[in-house]
Amino acid sequence: MRKRKNSSSSEEEEGSEMEIQGETKMSDQVDSDDEEDIEMVDPEVEEESEAPSKLYLATTPAVDNPFMDSFYALSSSVPVERAQAAQTMLQHCLLGSSANSKDAAYSFRRLLNGLCSGRAAARQGNASALASFLKLAFHLEKIKDIRSEADQNKSGDLSNLMYVRERLLTATDPSQIVGKKKGSEERDYQFGRLFGILAVVRSKILVPSSANVDDVKEVTTAFLLDLVELFWEKKWMREPAAHGITTMLQLFLDGDEEHHLIARDLVHTIVVPKLLAVTQDDKDFELSDRQKLLEGYCAEQIGVAAYVQSNYTKISNRLPFPLDQAVVSSSTLPWIAQALSETSSVVHPRTHFVWDALWCLLTIEQDSTKDNSRDASSRMLLDRIPPSCESGTEVLDAILRHVLKAKLLRIEEDSSPKKITHERRSLALCIVRNLSGVPFLSSLAGQVRIELDGDCIENVLLTPEIVQALFLNVITGGRQKQNASLLKPMALEILSGMSAAVVNTSASRQLSYAKAILRCDSRFDAHTKTSTLTNILGLASEKSPEKEDFSRWREFLDHLEFEFLSNCSKHSDIDANSRAINFAEIIYSTAKSILRTGVDAGKTTDSTIMENKENAIKRVLNFFMAVAFFDCSEMQPSTGKKKKGKKNTTSPAVSKALVVKEQAAGGIPYEVRSVVAARFFSLTSEFAMVVAREVKADDDGKAEKDTNILAFLADIFDSWQDLQKSGAKRFEAATTETEEDDEESFDPQEAITALRKSTRDMEKSGEVDVDDPFHQSKKRCCTGITVLALTMYLHKLHCGPDASVDEDPDADEEDDEEEICNALEGLKSLADDFLGDEEPEDSNPLLGLAELCANVLSSPIGSGSIGRGCSPKLVREAVRYAWLGGLRLASARATENKSLFDTSVIDVLMEAVGADSSMEGNRNNSSQDVDDDDDDDESASADDSDEEKGDVGSGDEAIFTKASKIMEDVEEMEVEEPNVSSAEDEDSEVEIDQSKLQHMLEEDSDADIDETELEHHEGADAALAKLIKLRQEARKAGQQAREKIEVSNQLRCTLLLEILLGRPDAWNRLFRSSLLEMVMPLLLHRQRVAVMVQKAVDGGSKVGTGEKRALLERLTSIIKQKLCKLRLSSMPLANTVDTGAGRELVKAILREVKKAKDKDQAACCSACLVFVLRAMPNDTETIAMVSSEYGQVVHEWSTKRSSGASLLEDLINQLPSLAQATLLEPLTKAAVESRSSFLRLESFRLLSILFSVKDSTGHPEMQKLAEASVERSQQQVLDAIFASFDDEEMCKPKRARVIFKTLEKFLVRVSTTSSPEVITSLKSLKERVETLGQKNDSGGKGNNLSAATSKLVGLMDDVLTEQQKMMEANKAASEEEEISQPDSKNKKSKKKKKKKR
């Protein structure tokens, strides 16, 4: 930095903060005490007499000086470091025991100089430290000593306050700079003076006492004039200078009446004449014309004027012109709007000083205690703005109209919004943020939160124009979606802050925000892709809702219903229907959010919360029901007399219907009704799922899901009946007279009533027979059937015909009604058969239930393609309960001689999932059929070629004859319906070669036809070829559509199998050996679906591919995880499986394994084989069968290119005893005779697994047979190992380790009764192992077999030693027996002699 003018040893203290940088660096650079050397490093360094600590710092660089370092730390950008540095400095020079006036004077000079530094945060740190320094110096009365030490009584008779001002002006005087001034330096000095004045003000040394009032007035006036001078010096100094002026005034306004007088004098003598009575264009001439004066104001003048008027009661009730009238009012805002809009240059998130002043003018702090001093203070609009009579709402409305809408957003009436800059829109966003209750930092009032009332929010702040311009257009990019505004993050942040700020306010304010946003766009959240409305209403909270929350949500639903009906009644408005649909969607989403509020909302045990949720959802369902399904125009309110002792209450559904009648007198349009109908069924399904999981507190946690959902559906049924009794007419699809006659013979409503009565009777009797499992099963069955019946009956609700379309009723509607009635009739009949006291002899209720459930799942109602509102999810859940109840009751009725789960039920289930049992025989000849199809294609092509050669005529006649013949063939192809369930369907599809067809149509004798006729002929041929191609494509598309429908139906019907096989313990009395009949149909169907998926992937088709993949995965899961996990032997009533039937099933599965085209299919087949073998008896016949079949598998696997290792490994792991009894011999043979070394190695690996696994099934007979098989095969295994050691390929270390492992596992199984041949072979094998180990002892790490050899030889030694001991023991025992045999012979001969005698 440059030296100042006339610098000397006594005046050197005017050096700037740059000295600090030089001093801290000198400790590393200066090595002598020479002052000239110091001057060479930094010419501004003080002499030793002026800075006693400096020379010590320079000459002793190794010693730390916290006092001197603190000046450098004051420039840190970290506030904590600055505070610590200031504390260190003050402690050293003013507070500590070593405090002295010399260091204090030095600190005072350094702090003043540091104000003008532009380094980092030097200005903030030095100003803050200066304020604390002055406060302590005056309080401790050390300012005189500091003054005398600094200027040695050269300041004359100046007071201490004036002395401080003179020192500050001198230190911040830019005219003291030597040489040419730089703009940045001049700016630093001006800001330094401003920060210095603010430091003096905040030190509170200007607060007057009884002794220095005149002195304070003089100094304060001088300081205020300095601020005014800074204000007019540069435009960029106006805002900070205005802030300094208001800060100085606030110092006196916070005091008592005497202090207020000083503020009043400052306003009258300086602020008004020097600042507010002039314009920014001519600051030397006072204007008396108010309009011209205000039009010439800059934003800072408006801010100062607004601040003064906001404190008019403290300053003066009679302010001078122009403050005698409101500067900010509805009449003056057109004059000052331009100046306010120009404050958009201030960067977000800070706003200009004038806006903080305006908020202080318009609002007042509420009387509320804050928990924390840092918490935001709450402010609300004033009822009257001083000194005018206008309310805060009126002035705020004028600000938003003239500034925000007209100037910033350029929204003009009857015209589209003009292009606006990001800066203007950013300022508008900040204004809306500050007024929306989001806490912000005000430069005048600190942390502030402005809370507007609901009416002001809706009608003033968040008007549709403002919401559209600031949020929708910014976030979505307006009409050009691809050009989203750069302010989108800011807009999203403000929305998020607004939502968070509103959550903890009153319910009325929350509703006001929601209403204002919805009034702009009913799909605001969808368009902005936010959850603003959900957050504002507290619907996304994880906390359990309280009573106030439900009250707020009810009010919001009331508003939504009102807006919905209002739009429905606007028949002349084209967009009214779309708005009504949007409001219906919001009602639906709000209900769903209420349903999901709180953690584990569906499992809460708080009955009050669940009751409030149920009431909220049921009111929405009643409203949707009255709107979508009933004509309420002829309803009449109930006028019945009250019964004595009872209240005449109206049904909630009837109340909603009466509201619909009053507010939508013209009726609800069909377009709206259809959407509401769909949402009714969706919400019903969602609520039913939650109700099913509900656990009521008075049920001790034992509430049954089907009982809960039955109660919910019964409430809907009762509401339906109440509406009809009150005169509401249900919309119905047109039906024929025949259907009406049919309905007379069967009344669905009576059937529902009868089923409900049966359920109630079951529940009453169940309370008595709690411990009776049979009665409980009947109760569950009756409840499940009733739930399904109510669900089907609920789908009779229809939104009615479209009056705008004059067409005949759709035949599908009649079919749907008929299907519902048939299902209800079938359920009533099933309930009579199933729940009767006597078991029916000529029918199978479980069969009927399976057929009905499969039909419902495959119907349009079950798939959701009914063409009107429906709930397939609810239908599937109801089918689940009915099927569960039926299985429970069927299991309870089962005996050893009879079971309802028979072959017919299995056939129905297999047919439902597409696995028809008849497919098994067809699949056996599938390959032959494919070959036949290929032969047919070849013969057909040969016939075509013959026709081309022999039957071709001349002219158009022959050509069109051929074309017509092809068209006839196409028609025939269309007549034949494709059998989607056949495996050869895809392969047999007939396609016409387009190139061949085109060539045939264009074939003609061109020599006999002129050129004109040929052109016409080519056009006709091309059109005909195109027509045929279109027909082919249409046929293929139709076939794909039908296939997709069938696959979807099969996918849904797998639910029945998953329930049946997923929980076998609940109905284990059902299962018999007939369960094996499912195996082959499921395997064949899975293979067919896998082929379909592969063809779709290869062909690039996306139509139905997802459903096919899902069906494939579901079938795989059912086979591997459900069916094959069952153990028939553990079922209480399971019968034994016939060995012959089991053999045939095993053979069929093995044939399927050979045809398997993917690993998953082979894995499913392997799991089925284990399942079948586990169900067969453990006898020698089974072992013989398995030995035969699996022996063939091993032979083909080892000698041919076929898979089989996975089958063998699964059998070994799942049924180890059976595997040991059947696989040892074929695997041992494969280990020698396999066609490759890899397969021989695999054989040894399987043998090692076979020897290591242990059987945990608990079948002693099978274990004995397995042990015998192992003992018989010992010599064969050893021979195989000998043979492998003779093969050089198998002796390689990598393969030898596998053989060693097999031998290791084998040694464990060598019995004590092994034959001498086995012992001899073991001894010889030991020598071979040692030789092989020595041979591979050298080499790398992977070729070394020494460790494995040593381990194996040790095991063999142990086995041989054990065998030798056993042989010796046996030999000794035999010798003793031989010795004892002669004695016994002699005794016998003596006895014979005695007898002869």
Side-chain angles (χ1 to χ4, degrees), residues 629 674 677-678 680-681 684-685 713 716-717 720 730-752 754-755 784-801 808-833 845 847-883 886 908-909 911-914 1041-1042 1044-1053 1055-1056:
F629 307 120
S674 60
F680 169 82
F681 283 104
T684 301
S685 176
L713 295 175
I716 298 180
F717 177 79
W720 180 347
R730 182 171 68 91
F731 295 116
E732 296 183 2
T735 56
T736 61
E737 296 180 359
T738 305
E739 290 175 340
E740 292 177 357
D741 295 339
D742 293 339
E743 291 181 359
E744 290 178 2
S745 61
F746 173 75
D747 189 356
Q749 185 174 342
E750 292 182 359
I752 295 295
L755 288 173
I785 291 176
T786 308
V787 167
L788 181 56
L790 279 171
T791 303
M792 297 301 296
Y793 187 78
L794 194 64
H795 284 79
K796 286 177 67 66
L797 290 173
H798 194 279
C799 58
D808 295 334
D810 192 357
D812 292 339
E813 297 288 347
E814 301 175 3
D815 295 340
D816 294 337
E817 292 288 335
E818 184 178 357
E819 286 182 3
I820 294 173
C821 292
N822 292 338
L824 292 174
E825 186 175 3
L827 287 171
K828 181 64 173 63
S829 176
L830 279 173
D832 295 339
D833 293 342
L847 174 62
L849 181 61
E851 291 177 344
L852 193 145
C853 291
N855 291 336
V856 170
L857 291 174
S858 302
S859 65
I861 297 176
S863 63
S865 59
I866 193 174
R868 61 186 185 187
C870 65
S871 178
K873 185 177 180 180
L874 179 60
V875 170
R876 291 194 293 270
E877 196 70 13
V879 168
R880 176 191 297 273
Y881 294 133
W883 184 236
V908 170
L909 296 177
E911 185 178 358
V913 299
R1042 289 191 296 272
K1044 181 179 179 180
I1045 293 173
E1046 285 202 14
V1047 170
S1048 299
N1049 293 339
Q1050 294 168 11
L1051 181 62
R1052 288 190 299 274
C1053 289
L1055 172 67
L1056 302 178

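For clarity, every value in this text was computed on a predicted model and none was experimentally measured.
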* Structure fact -> Taking every heavy atom of Lys828 against every heavy atom of Ala754, the minimum-distance pair comes out as CE-CB, 3.7 Å
* To do: Could you grab the distance from atom CG of Leu824 to atom NE2 of His795, nearest 0.5 Å is fine?
  => 11.5 Å
* Polar side-chain atom of Ser829 near backbone of Glu825 as donor-acceptor pair, under 3.5 Å -> no
* Asked: Ring centroid separation for Trp720 and Tyr793, is it under 6.0 angstrom?
  -> yes
* To do: Calculate, to the nearest 0.5 Å, the distance between atoms OG1 and OH belonging to Thr786 and Tyr881 respectively.
  => 14.0 Å
* Please report the closest heavy-atom contact between Ser858 and Arg1052, naming both atoms and the distance. => CA-NH2, 4.1 Å
* Asked: Just by modelled atom types, is the Phe681 backbone N or O under 3.5 Å from a matching donor or acceptor in the Ser685 side chain?
  -> no
* Mind listing the closest non-hydrogen atom pair of Leu827 and Ile785 along with its distance? => O-CG2, 3.8 Å
* Do Ile716 and Leu790 have side chains that get closer than 4.5 Å, going by heavy atoms? -> no
* Structure fact -> Value for CD (Gln1050) from CG (Leu857), rounded to nearest 0.5 Å, stands at 12.5 Å
* To do: Hey, could you give me the CZ/SG distance between Arg880 and Cys853, rounded to the nearest 0.5 Å?
  => 11.5 Å
* Answer yes when Arg730 and Glu732 have at least one side-chain N-carboxylate O distance shorter than 4.0 Å, and no when they do not. => yes
* May I ask you to test the Leu1056-Val879 pair for a side-chain heavy-atom distance under 4.5 Å? => yes
* **Closest non-hydrogen atom pair between Ala878 and Val787, with its separation** => CB-CG1, 3.9 Å
* To do: Kindly determine whether Ile861 and Val856 satisfy side chain to side chain contact (heavy atoms under 4.5 Å, CB included), including the steps that lead there.
  => CA-CA 7 Å; Ile861 297 176; Val856 170; 5.7 Å; no
* Supply the atom-to-atom distance Met792 CE to Leu874 CG, rounded to the nearest 0.5 angstrom. => 10.5 Å
* To do: Dump the intermediate steps for side chain to side chain contact (heavy atoms under 4.5 Å, CB included) on Phe629 and Lys796, then the final yes or no.
  => CA-CA 10 Å; Phe629 307 120; Lys796 286 177 67 66; over 6 Å; no
* Asked: Would you say Ser863's side chain and Pro860's backbone share a donor-acceptor pair under 3.5 angstrom?
  -> yes
* **Gap between atom CG of Leu713 and atom OG1 of Thr684 - 0.5 Å precision** => 8.5 Å
* Asked: Taking all atoms of both residues into account, what is the closest heavy-atom pair of Leu849 and Gly886, and its distance?
  -> CD2-CA, 3.6 Å
* **Contact check, side chains of Leu1051 and Val913, non-hydrogen atoms, under 4.5 Å** => no
* **Closest approach of Ala912 to Cys1053 (non-hydrogen atoms, all atoms of both residues)** => O-CB, 3.5 Å
